[in-house]
Student: 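Have a look at the structure that comes next, please.
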There are 2 protein chains.
Amino acid sequence: MNKSTENIVIIDNAEQLARFAKALGHPTRIAILKHLEKQSCCFTGDLVDIFPLAQSTISQHLKELKNAGLIQGEVNPPKIKYCINKENWKTAKGLFQNFFE
Amino acid sequence: MNKSTENIVIIDNAEQLARFAKALGHPTRIAILKHLEKQSCCFTGDLVDIFPLAQSTISQHLKELKNAGLIQGEVNPPKIKYCINKENWKTAKGLFQNFFE
DNA sequence: ATTTCCAATCGTAAAAGTACGATTGGAACT
DNA sequence: AGTTCCAATCGTACTTTTACGATTGGAAAT
């Protein structure tokens, strides 16, 4: 069982919404996601160039987005290509939409 | 200048979105907002009855929601009636909508 | 004036988040 | 084998969040 995505369905809506919201609760992570939306995909290194943050910090943010299920990484040696996780993205969209009516 | 609401317009979208998201990033706060949506308004005490949390903890969550601009409190002695801040709610809704396309 | 009631604030403790530099790991090249 | 490259992870420091009980403050009622 993949901790980051598989258990989304079994936990209650409020918790799932809070989970997504928490992942979105940092300007850098919003910016990363916006960038991924635009680019469709990108590498960690690209982000390190764009943001004035250490590589380890970017990596940490990516990890959180991945744990929340909002992105996924595809190994593309020697790089790792990050993309929006479209399925969960849709789920998140729906939850927020529903929440705000 | 009211710190919680007035400066929303002047800060960048990503930051504002992150701010709202952060406020939504806790199950209790999601639940409080859902309750406020349903009830239209409510008192702190009502929430203390509903949630298995200390009064001070609820108060703290309300404070954060207020600081984020999502709710507002109207004094209604001896109680305080909390409502959704409709204007900012709309702003938040728009930001999330736009973010998810 | 005192009491009562509601809610904010204070003080505190434990846990989580944010950021950094340094190190490690794995895959592809010399 | 050794080197190079990218990205994850480790170790660390600092800040913020979350939660609690206790205290305070303000308004209404006795």
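Chain A is the first sequence line, chain B the second, and so forth, proteins listed ahead of strands; every chain is numbered from 1.
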Student: Do B:Ile30 and A:Asn13 come close enough that some side-chain heavy atom pair is under 4.5 Å?
Tutor: no
Student: List the residues meeting side-chain hydrogen bond (donor to acceptor under 3.5 Å, both in side chains) with A:Gln72, not counting sequence neighbours, and say none if there are none.
Tutor: A:Asn85
Student: Quick one: B:Ile80 CD1 to D:dG25 C1', roughly how many Å, whole number?
Tutor: 11 Å
Student: Please encode protein proximity along nucleotides 16-24 of chain D as a string of B, S and -, counting only heavy-atom distances under 4.0 Å.
Tutor: SSSBBBB--
Student: Measuring from B:Asn88:CG to B:Lys90:NZ, what's the distance to the nearest 0.5 Å?
Tutor: 11.0 Å
Student: Atom CG of A:Leu47 to atom P of D:dA7: distance rounded to whole Å?
Tutor: 9 Å
Student: In whole angstrom, what separates B:Ile32's CD1 from C:dA7's P?
Tutor: 13 Å
Student: Could you tell me the separation between the OH atom of B:Tyr82 and the P atom of C:dA7, rounded to a whole number of Å?
Tutor: 8 Å
Student: Quick one: pull up NZ in A:Lys66 and NZ in A:Lys63 and give me the separation to the nearest 0.5 Å.
Tutor: 8.5 Å
Student: Where is the tightest heavy-atom contact between B:Leu62 and B:Ile71, given as atom of each residue plus distance?
Tutor: O-CD1, 3.5 Å
Student: In this structure, how many angstroms lie between the P atom of C:dA7 and the CG atom of B:Asp49, rounded?
Tutor: 10 Å
Student: Ignoring hydrogens and angles, write down the donor-acceptor pairs under 3.5 Å from the side chains of residues 93-101 of chain A, residues two or more places apart or on other chains.
Tutor:
{"residue": "A:Lys93", "atom": "NZ", "partner": "B:Glu101", "partner atom": "O", "Å": "3.3"}

